[in-house]
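Below is one structure, written out as structure tokens, with a few remarks after it.
Predicted model only: the values in this text are computed from it and were never measured.
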Amino acid sequence: MTWGKAERAAALRRPDGQPVRVLVVDDELTLTELLAMALRMESWEVRSAGDGVSAVRIARTFRPDAVVLDVMLPDQSGLELLRALRAELPDLPVLLLTAKDSVEDRIAGLTAGGDDYVTKPFSLEEVVLRLRALMRRTGITAADAGALLVVGDLTLDEDTREVHRAGSAIQLTATEFELLRFLMRNPRRVLSKAQILDRVWRYDFGGQANIVELYISYLRKKIEADWAPMIHTKRGAGYVLKPAD
């Protein structure tokens, strides 16, 4: 079986072929570590900072292609830091994170130069997708980095949100789509329930891991109803998606 596009290169890359570089700025250590883990799974280079001073210092040497920036920092406003970063790197795409969700806060962030805005709590997958979209729009990544994921005879279009297997359209709910997208971005890789929860559901999700089992069963009924199995359970380890034999 020939591997599809998703299996050959799931990660976006710079036009020179080098990995994308992302700087994460947030003083919540647990959240920063989760974000860094999620971004490294995209094969991106990641640096992190917990305050504005460190962020500026790291940005000068690391030269990030994009920044994930918390609006609330211990030493200064994230919006002040945004202006400082833009003074160094004028075209730098910035994704803002905030616990505030008012229209005024959104306008303030975008007016200050933020390119996009995510409100806490959020799913890690959402942050990855927003960053991918930002970098495609700004031309940072290679021109041939498309939005079509292909594993065997299963395809998923990230832009149109259409899913097909062997040419037949499959209708998925929003959560089923996000789960399948995560599996298809990591074909042949065993993913634990904890990893799936972190990426598909909100990072502070407090429910039981059996929700993963439930949605895996939903997916199987839809993408395997008339075809050979693609989602396999690895007892004690997690789940893996691979082309049907």
If the test is side chain to side chain donor-acceptor pair (under 3.5 Å), which one of Gln171, Lys221, Lys222 qualifies with Glu176?
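For Glu176, the side chain to side chain donor-acceptor pair (under 3.5 Å) check succeeds only for Lys222.
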
Counting distance only, does the side-chain N/O of Arg21 pair as donor-acceptor with the main-chain N or O of Trp44 below 3.5 Å?
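Flag not set: sc Arg21 to bb Trp44 has no pair under 3.5 Å.
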
Does a salt bridge link [X] with [Y], judged by any charged N lying under 4.0 Å from a carboxylate O?
X      : Y      : value
Arg132 : Glu42  : yes
Asp91  : Arg63  : no
Glu88  : Arg83  : no
Arg181 : Asp157 : no
Arg130 : Glu125 : no

Using the rule side chain to side chain contact (heavy atoms under 4.5 Å, CB included), only one of Asp70, Leu73, Val94, Val56 pairs with Val25; which is it?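 It is Leu73, the one option of Asp70, Leu73, Val94, Val56 that forms the side chain to side chain contact (heavy atoms under 4.5 Å, CB included) with Val25.
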
**Asked** Who are the side chain to side chain donor-acceptor pair (under 3.5 Å) partners of Arg220, not counting sequence neighbours?
**Response**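 Residues passing side chain to side chain donor-acceptor pair (under 3.5 Å) with Arg220: Thr233.
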
Taking transitive links into account, so neighbours of neighbours count too, which hydrophobic residues share a cluster with Val240 at under 4.5 Å side-chain distance?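 Result for Val240 is Val190.
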
Out of curiosity, Leu85 CG to Leu81 CG, how far, rounded to the nearest 0.5 Å?
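Here the rounded value is 4.0 Å.
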
#### Entry: Contact list for residues 214-245, test ring pair (Phe, Tyr, Trp, His ring centres under 6.0 Å), sequence neighbours left out
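Found Trp201-Tyr215, Tyr215-Tyr218.
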
